[in-house]
Amino acid sequence: MKLQLLCLALVFIAGETNAAKQGKNATIPALIVFGDSIMDTGNNNRLPTLLKCNFPPYGKDFPGGLATGRFSDGRVPSDLIAEKLGIAKSLPAFMNPNLKPHDLLKGVTFASGGTGYDPLTAKIMSVISVWDQLTYFKRYISTIKQHFGEKKAQDILDHSFFVVCSSSNDLAHTFMAQSHKYDPTSYANFLADSAVNFVRELHKLGAKKIGVFSAVPVGCVPLQRTVFGGMFTRGCVESLNNMAKQFNARLSPALASLDKELDGVILYINVYDTLFDMIQHPAQYGFEVADRGCCGRGSLAVSYMCNSMNPFTCSNSSAYIFWDSYHPTERAYQVIVDNLLDKYLSKLY
């Protein structure tokens, strides 16, 4: 009898261990991304907007040297996270007209450079608002159901990783247009509340594993340093960074509460501290330049101002944290993803 009980106990333990391993090694079928230029892989290419980058020298370090519409010298976090998850080495833009139904199975990005949580931001820049990105997401799920069935669509909803990244354009640009209604604190709070509402809506549409990026130290991007950081010092703009920190202080506990309220996993992903430390101590991360971008003279060049006719673009973009005056290089993005994703991805299983 004792021997039988021992055998049963061993079988039970083995079963539990195997289940735990399966949970840890469970595959994430797709990566679905919403947000702005940090995550855009080409959705702006066919939009009537000035915020485009589907021309050289953008993409000079992308495979094949292609300017795909990514606001960087190479890949962006959408791609790097997809690779980290073992899904693909690059993530397609949903608006790519060459996408076939089968291309959707590993996920897409709906992100649009220049957008934000404030609907006014997208209107000003003539890009896709995060709220319209949800509409495109509904179309995406319908397409999956149509071509691959309800079960596959449900598998993507239940097990995929959904990433949301926005706020920089709101803080850096739209706040000025909204300053008659908001002070810096109330505007940052409005954006954080909008982000939480976005996550609620995304969850209602079926998403179960959602990660939301914090605001970044937008006051330290080269463009802001040039315009507002002092003619000679070009320091980080504290007022902008303080707004970003207020946004984060409001967002983090709100998402923690949402994680307890809703089924699934809701993650706050703190990007601010890692990027700020990289900017303050570039050599510790293997970078040489943190206050200028690689493209052009690196102080103002972005979008059409960063072009192949500019003779000042650097030859070694991996030495720079920023590619243009607003967006990091692929190598900087890789450092951020490597520093953060292992910490957060473990919570998805």
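Just so you know, residue 1 is the first one in the sequence shown, and it goes up from there.
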Give, for atom CG of L105 and atom CD1 of I87, the distance between the pair rounded to the nearest 0.5 Å. 11.5 Å

Test side chain to side chain contact (heavy atoms under 4.5 Å, CB included) applied to Q146 - qualifying residues, sequence neighbours left out: none

Please test Q154 against K152 for side chain to side chain contact (heavy atoms under 4.5 Å, CB included), starting from the C-alpha separation and ending with a verdict. CA-CA 5 Å; Q154 195 60 51; K152 183 59 182 177; over 6 Å; no

How long is the span from the CG atom in L251 to the OG atom in S167, to the nearest 0.5 Å? 8.5 Å

Does V216 belong to the same Ile/Leu/Val/Met/Phe/Trp/Tyr cluster as F276, with side-chain heavy atoms less than 4.5 Å apart forming each link? no

Looking only at heavy atoms, which two atoms of Q133 and G35 are closest? And how far apart? OE1-N, 2.9 Å

Which heavy-atom pair separates A30 from G107 by the least distance, and what is that distance? CB-N, 3.6 Å

With a 4.5 Å cut-off on side-chain heavy atoms, are L341 and L85 touching? no

For the pair T49 (side chain) and M125 (backbone), establish whether a donor and an acceptor sit closer than 3.5 Å, ignoring hydrogens and angles. yes

Main chain of Y117, side chain of W131: is a donor-acceptor contact present, judged purely on distance under 3.5 Å? yes

Measure from the side-chain N and O atoms of S303 to the backbone N and O of K52, and report whether any donor-acceptor pair falls under 3.5 Å. yes

Taking the six-membered ring of Y333 (Phe, Tyr or Trp), confirm whether the NZ or CZ of R75 is under 6.0 Å from its centre and within 45° of its axis. no

For S37, give me all partners under side chain to side chain contact (heavy atoms under 4.5 Å, CB included), at least two apart in sequence or on another chain. F71, H327

To check you understand the geometry: which heavy-atom pair defines the closest contact between N241 and G219, and what is its length? OD1-N, 2.8 Å

Classify the angle between the aromatic ring planes of Y326 and H173 as parallel (below 30°), tilted (30 to 60°) or perpendicular (above 60°). parallel

With the side chain counted from C-beta on, respond yes when P57 and W323 share a heavy-atom pair under 4.5 Å apart, and no when they do not. yes

Do H203 and E201 have side-chain heavy atoms sitting under 4.5 Å apart? no

Check SG atoms, C295 and C306, less than 2.5 Å apart: yes

Whether the side chain of S186 engages the backbone of Y182 through a donor-acceptor N/O pair (distance < 3.5 Å, no angle test) should be reported. no

Does the side chain of K84 come within less than 4.5 Å of D342's, by heavy atoms? yes

So does K100 pair up with D103, basic N to acidic O under 4.0 Å? no

Give the ring-plane orientation class for Y58 versus F55, where under 30° counts as parallel, over 60° as perpendicular and anything between as tilted. perpendicular

State, to 0.1 Å, how close I321 and P282 come at their nearest heavy-atom pair, and which atoms those are. CD1-CB, 4.2 Å

Kindly compute the distance separating CG (L345) from CD1 (I81), expressed to the nearest 0.5 Å. 8.0 Å

Judged by atom type as modelled, is there a donor-acceptor pair below 3.5 Å linking the side chain of D79 to the main-chain atoms of L91? yes

Any sub-3.5 Å donor-acceptor pair from N310's side-chain atoms to N307's backbone N or O? no

Could you tell me whether the side chain of D73 and the main chain of K60 form a donor-acceptor pair under 3.5 Å? no

Single-linkage hydrophobic cluster, 4.5 Å side-chain cutoff, V199 and I32 together: yes

Is it the case that atom CZ in R297 sees more than 12 heavy atoms from other parts of the structure closer than 6.0 Å? no

Short question: side chain of T329, backbone of S318 - any donor-acceptor pair under 3.5 Å? no

Taking all non-hydrogen atoms of both residues into account, name the closest pair between L240 and L171 and its distance. CD2-O, 3.4 Å

Under a 4.5 Å cut-off applied to non-hydrogen side-chain atoms, are C236 and R225 in contact? yes

Please answer: with hydrophobic residues joined when any side-chain heavy atoms are less than 4.5 Å apart, are I266 and L205 in the same cluster? yes

Looking at L47, is its backbone amide N or carbonyl O close enough to the side chain of N44 to form a donor-acceptor pair, meaning the two atoms are under 3.5 Å apart? no

Got a second to check how far F312's CZ is from R292's CZ, nearest 0.5 Å? 12.0 Å

Indicate yes or no for a side-chain donor-acceptor contact from Y268 to the backbone of A254 under 3.5 Å, with no hydrogens or angles considered. no

Calculate, to the nearest 0.5 Å, the distance between atoms OG and NZ belonging to S129 and K123 respectively. 9.0 Å

Mutual orientation of the aromatic rings belonging to F34 and F137 [parallel < 30°, tilted 30-60°, perpendicular > 60°]: perpendicular

Pair R70 + E330, salt bridge at N-O below 4.0 Å: no

Mind checking whether F62 and V33 sit in one hydrophobic cluster, side chains of I, L, V, M, F, W, Y counted as touching below 4.5 Å? no

Are the aromatic ring centres of Y187 and F175 under 6.0 angstrom apart? yes

Nearest heavy-atom neighbours spanning S317 and D61: OG-OD2, 2.6 Å

State the CD1-OG distance between I38 and S78, to the nearest 0.5 angstrom. 9.5 Å

Heavy atoms of other groups near L99 CG, more than 12 under 6.0 Å: yes

